[in-house]
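Remember, it's a predicted structure, so these values are computed and weren't measured experimentally. Throughout, a chain's letter reflects where its sequence line sits, starting with A, and its residues are numbered from 1. Reckoned from all heavy atoms, side chains included, excluding hydrogens, waters and symmetry mates.
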Amino acid sequence: MLSRRIIPCLDVREGRVVKGVRFRDHVVVGDIVELALRYRDEGADELVFYDITASPQGRSVDRAWVERVARGIDIPFCVAGGIRGVQDARAVLHAGADKISINSPALERPALIDELAAAFGVQCVVVGIDSSRDEDGEWRVRQYSGDPSRMRDAARRTLDWIGEAQRRGAGEIVLNCMDSDGVRRGYDIEQLHAARAICRVPLVASGGAGAREHFREAFVAADVDGALAASVFHSGHIAIPALKAWLQEQGVTVRT
Amino acid sequence: MSVVLVDSGGANIGSVRYALQRLGVEAALTSDAAAIRAADKVILPGVGAAAPAMQRLRALRLVEVLRSLTQPVLGVCLGMQLLCAHSEEGDVDGLDVIDATVRRIDARDGLRVPHMGWNRVRAIAPHAWLAREDGWAYFVHGYAVPVGASTLATCEYGATFSAAIGRGNFAGVQFHPERSATLGARVLRGFLAA
């Protein structure tokens with residue numbers, strides 16, 4: 001039986017792992033490869049590296065650290081940040097990444113999803129979506145979320161964008177619920193549940209993990225395939241071996 | 001010992017190479033027929049789609065070269081599927097060294113395709129050198145080989161499918177040993193020790 005994935009997310013800024021609250025106030029939490037190996041040893045199922053400054057600055061992800069990570073770890077990892085075309089993606093995949101995740105560039109030019117799926121297969125193509133609820137109650141997509149000064153409303157309904165992304169060839173969706181991100185009060189189960197209902201490819205929850213119960217909720221109530229978290233893992237607030245043991249007791253299938 | 005990685009244009013070549021380096025083996029990436037024939041071990045990696053991969057092997061005139069190899073040959077993911085007679089993906093004939101057909105994973109009953117993530121592998125039959133392993137392995141694929149005479153290990157996703165297949169000096173794994181932590185390293189070690 002396919003296991004539910006626990007995915008530490010490492011935000012990368014200028015080659016170092018950082019973490020902010022609600023996308024601001026970034027502090028350095030450690031070296032990329034050191035953290036990657038630590039999480040691998042603790043039983044992380046996958047790692048995601050977001051180069052949070054690449055897209056706003058209009059540059060591609062720095063491949064040197066991708067290669068360093070690929071040499072070191074034997075679990076899958078995904079790289080996101082400023083991948084704007086097939087050439088950028090090929091470079092990152094050839095450096096050893098298993099998947100590439102696109103966010104802002106896909107909003108700028110949705111055909112990029114089709115191009116990447118055609119070139120590498122849908123299994124490599126992850127579409128990351130930053131989503132926030134507006135006053136009218138509608139979830140909408142946000143763009144350039146790595147840089148608050150440039151962040152703007154992409155004016156797409158989140159659920160519409162999930163539908164379009166998978167039609168175009170997204171092999172996985174990472175839904176980052178910004179209203180709950182970084183505050184550790186739990187994943188946005190309502191939004192994830194709505195996304196799950198229309199998402200036929202693997203769906204990964206992001207934003208809000210603060211306790212082990214939150215992971216269980218996301219897996220059981222929203223039926224997500226993976227749960228992504230950063231600060232609770234970086235700080236040691238939640239230890240992955242204990243989290244997985246508890247989830248297994250709760251009847252959630254996890255790799256042990 | 002010389003190990004070559006066949007340059008089939010797949011995107012996971014770097015990670016397979018690094019996995020071998022972690023086990024102390026430096027593998028050369030090549031599409032040269034003579035180098036492939038002369039190698040002690042051959043790995044056919046592959047991420048992507050079957051039709052372009054076969055097209056590339058044909059363009060490189062490697063189809064007969066690969067078919068006639070007698071040393072251990074390990075196919076990984078798409079590389080495993082290329083060892084089969086035929087694939088539904090692009091309706092293309094493979095290298096046909098293992099009598100099996102690659103079929104699309106049926107997405108009915110809410111089954112999410114591609115099958116992506118860690119799943120349990122169960123060994124069901126022995127092979128000359130492919131490690132007999134039960135445990136968790138990392139899969140990413142939308143097509144699979146149904147269980148048949150060449151199946152060495154199985155996995156459940158909607159239906160039971162082949163996690164590993166083999167015949168004679170050829171074997172393949174549907175999962176990614178280079179990304180399957182401890183189990184993956186054991187599979188690669190077994191292949192290198194063959």
Side-chain angles (χ1 to χ4, degrees), chain A residues 1-7 40-41 43-47 63 66-77 89-100 117-126 166 170-173 196-197 199-204 223-226 253-256, chain B residues 7 9-23 29 46-53 77-78 89-90 105 107-108 110-120 135-143 155-158 175-188:
Chain A
M1 198 173 169
L2 186 62
S3 68
R4 308 280 177 168
R5 285 175 272 154
I6 301 294
I7 309 171
R40 181 268 180 223
D41 291 344
D45 296 304
E46 188 173 328
L47 298 172
R63 293 194 291 277
V66 178
E67 199 176 307
R68 281 207 299 141
V69 171
R71 284 178 188 278
I73 63 168
D74 57 4
I75 59 171
F77 71 100
R90 179 170 288 126
V92 170
L93 291 168
H94 277 213
D98 299 277
K99 308 179 201 175
I100 39 120
F120 309 111
V122 300
Q123 74 284 344
C124 290
V125 183
V126 180
Q166 62 183 346
E172 179 163 278
I173 302 285
R196 174 80 283 169
C199 188
R200 297 179 306 276
V201 296
L203 176 66
V204 176
D223 190 23
V224 298
D225 298 276
T253 304
V254 288
R255 177 178 70 108
T256 48
Chain B
D7 186 2
N12 66 334
I13 290 168
S15 46
V16 174
R17 197 176 199 179
Y18 301 148
L20 294 169
Q21 282 175 357
R22 288 193 292 271
L23 299 174
L29 178 64
V47 160
C77 193
L78 175 65
E89 187 185 21
I105 296 175
R108 71 186 161 188
L111 197 67
R112 264 96 79 176
V113 177
H115 172 223
M116 190 188 286
W118 293 84
N119 205 330
R120 262 200 176 279
W136 293 97
Y138 185 75
F139 291 85
V140 184
H141 59 123
Y143 289 76
C155 180
E156 304 276 340
Y157 190 62
F175 54 87
H176 286 273
E178 75 277 16
R179 287 288 177 255
S180 292
T182 313
L183 181 147
R186 282 201 299 257
V187 165
L188 291 175

So, for [X] and [Y], which heavy atoms are closest and what is the spacing to 0.1 Å?
| X | Y | result |
| --- | --- | --- |
| Ser15(B) | Gly96(A) | CB-O, 4.0 Å |
| Met116(B) | Arg5(A) | O-NH2, 3.7 Å |
| Ile75(A) | Trp118(B) | CG2-CZ2, 3.8 Å |
| Tyr138(B) | Glu46(A) | OH-OE1, 3.8 Å |
| Leu2(A) | Tyr157(B) | CD2-CE1, 3.6 Å |
| Gln21(B) | Arg71(A) | OE1-NH1, 2.9 Å |

| said: Heavy-atom pairs under 4.5 Å with chain B - which of Ala70(A), Gly171(A), Pro76(A) has more of them than the others? | reply: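 Looking at each of Ala70(A), Gly171(A), Pro76(A) in turn, Pro76(A) comes out on top.
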| task | Sort out for me which of Glu172(A), Met1(A), Lys99(A) touches chain B most, counting heavy-atom pairs under 4.5 Å. | result |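 Heavy-atom pair counts peak at Met1(A).
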| field | Contacts of type salt bridge (Lys or Arg N to Asp or Glu O under 4.0 Å), residue Glu89(B), not counting sequence neighbours | value |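 Result, salt bridge (Lys or Arg N to Asp or Glu O under 4.0 Å) vs Glu89(B): none returned.
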Go through the atoms of [X] and report whether side chain, backbone, both or neither lie under 4.5 Å from a heavy atom of chain B.
| X | result |
| --- | --- |
| Thr253(A) | side chain |
| Arg4(A) | side chain |
| Ala119(A) | neither |
| Asp41(A) | neither |

| query | Under a 4.5 Å cut-off applied to non-hydrogen side-chain atoms, are Trp136(B) and Thr256(A) in contact? | reply |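 Yes, at least one pair of side-chain atoms sits under 4.5 Å.
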| request: For Phe139(B), check ring-ring contact (aromatic ring centres under 6.0 Å, His included) against everything at least two apart and list the hits. | output: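 For Phe139(B), the residues satisfying ring-ring contact (aromatic ring centres under 6.0 Å, His included) (neighbours in sequence not counted) are His115(B), His141(B), Phe161(B), Phe175(B).
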| task | Would you please test Asp223(A) and Arg112(B) for side-chain contact (heavy atoms from CB on, under 4.5 Å) and show each step? | result | CA-CA 11 Å; Asp223(A) 190 23; Arg112(B) 264 96 79 176; 3.1 Å; yes
| said: Set out, in order, the CA-CA distance, both residues' side-chain angles and the distance that settles side-chain contact (heavy atoms from CB on, under 4.5 Å) for Arg179(B) and Asp98(A), then state yes or no. | reply: CA-CA 9 Å; Arg179(B) 287 288 177 255; Asp98(A) 299 277; 2.7 Å; yes
| Side chain / backbone / both / neither for Ala181(B) at chain A, heavy atoms under 4.5 Å |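 Backbone plus side chain of Ala181(B), per the 4.5 Å heavy-atom cut-off to chain A.
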| Looking at Arg22(B) and Asp74(A), does any basic side-chain N land under 4.0 Å from a carboxylate oxygen? |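 Looking at Asp74(A) together with Arg22(B), the answer is no, because their closest N to O distance does not fall below 4.0 Å.
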